[in-house]
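Written below as structure tokens is the structure these notes are about.
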Amino acid sequence: MDSFRSASSIAFQAEDYHEACNLAFDGLNGFAIGTGRTHSSMSVHDARDGEDLLRALRDEVVAAIGKRNLVDVRSPDEFTGRLLAPAHLPQEQAQRPGHIPTARNVPWSKAANEDGTFRSDDELRSLYQEEAGLDFGRDTIAYCRIGERSAHTWFVLHELLGLPNVKNYDGSWTEYGSLVGVPIELGEAR
Amino acid sequence: MSATPVPDGCGAPAGGVSVSAATGTQAVVEGRVTREGVPVGTGYARLLGTGDEFVAEVPLGDDGGFRFFAAPGSWTLRVLAPNGLRAERPVQADHGQVTTVEVAL
């Protein structure tokens with residue numbers, strides 16, 4: 001199972017929404033399971049080969065620079081190039097630091113409350129549109145280091161907020177930061 | 001310390017990744033969480049970076065241990081344990097150094 005299929009399965013396990021949703025995101029251990037909310041039914045989605053409506057590959061990502069929303073959901077320290085990986089992992093990596101030009105940095109964890117539940121629709125729209133400056137009229141590609149954290153953001157944008165064309169960049173920074181001949185930005189978003 | 005090798009995915013193993021998986025150039029932040037002298041083996045250690053933003057989280061090991069691989073500079077360590085126990089410590093990390101933080105809740 002590659003990282004995208006794994007990640008999309010994780011995302012779809014949270015397929016009931018907002019008020020009732022307790023997010024169990026075992027792949028990241030980022031948030032504990034929420035408490036005190038009604039727990040609704042869960043389902044598991046097994047991604048099939050060829051689901052390219054959901055998965056972006058590198059050529060599509062390079063072509064999207066300056067044209068589509070690119071959402072980098074890593075921590076600000078990974079986005080700016082201070083870290084190459086989440087800090088629970090060794091920082092010895094092959095790739096260069098930084099982010100894809102024109103990407104906005106919205107850490108995946110900002111979509112959730114402290115108790116692990118998703119934030120409200122209004123809060124999520126404000127987060128992505130007003131704070132980060134995403135144009136909801138454009139198509140969107142989310143990425144992180146290997147596509148797990150960005151599967152969470154894909155779920156938020158596509159399933160919770162209903163944006164029609166959202167893809168997860170499967171190779172994410174592990175691939176992009178290792179490519180020769182592609183542009184990379186360091187520092188804050190421009 | 002009950003750390004384990006580098007996992008395949010993005011998540012952290014309990015106690016953190018073993019130092020043998022890294023090199024001597026890492027800026028390691030590690031330590032143990034105790035309460036009244038007893039290791040706290042249930043809970044999480046978080047590292048917060050620029051703007052107190054979430055950077056990484058490690059489930060505590062059986063011995064209360066955690067380990068991060070940071071970059072040189074200032075960080076904040078936050079510990080979350082059952083019954084609402086929390087602690088925060090400022091941490092300074094540097095390349096080739098192991099910064100040890102003992103947290104007594």
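Just so we're clear, the structure is a prediction, and the values are computed from it rather than from any experiment.
Remark: B:Arg67 CZ to A:Leu89 CG distance equals 13.0 Å, nearest 0.5 Å. Here the straight-line distance linking atom NE2 of A:His88 with atom CZ of B:Arg46 works out to 13.0 Å at 0.5 Å rounding.
When all heavy atoms are compared, the tightest approach of B:Ala56 to A:Pro86 is CB-C, 4.3 Å. Nearest heavy-atom pair, A:Ser109 versus B:Glu53, reported as atom, atom and distance to 0.1 Å: OG-OE2, 4.1 Å. Smallest separation of non-hydrogen atoms from B:Leu47 and A:Ala87: CD2-CB, 3.7 Å. When every heavy atom of B:Phe69 is checked against every heavy atom of A:Leu83, the shortest pair comes out as O-CD2, 4.3 Å.
A distance-only check finds no donor-acceptor pair linking the side chain of A:Gln91 to the backbone of B:Ala71 [under 3.5 Å].
Hydrophobic clustering (ILVMFWY, side-chain heavy atoms < 4.5 Å, transitive): B:Phe66 and B:Leu48 are in distinct clusters. Connection of A:Ile100 to A:Leu134 is not established within any shared hydrophobic cluster, with ILVMFWY side chains joined at heavy-atom distances below 4.5 Å, either directly or through further cluster members. Grouping the Ile, Leu, Val, Met, Phe, Trp and Tyr side chains by contacts below 4.5 angstrom, directly or via other members, places B:Leu80 apart from B:Val55. Note on A:Tyr143 and A:Val106: separate hydrophobic clusters, where clusters join Ile, Leu, Val, Met, Phe, Trp and Tyr whose side-chain heavy atoms are under 4.5 Å apart, directly or indirectly. Residues A:Val61 and A:Leu54 are members of separate hydrophobic clusters, defined by side-chain heavy-atom contacts under 4.5 angstrom among Ile, Leu, Val, Met, Phe, Trp and Tyr.
Proximity to chain A (any heavy atom under 4.5 Å) is restricted, for B:Val58, to the side chain, taken from C-beta onward.
Around atom CZ of A:Arg104, more than 12 heavy atoms belonging to other residues, nucleotides or ligands sit under 6.0 Å away.
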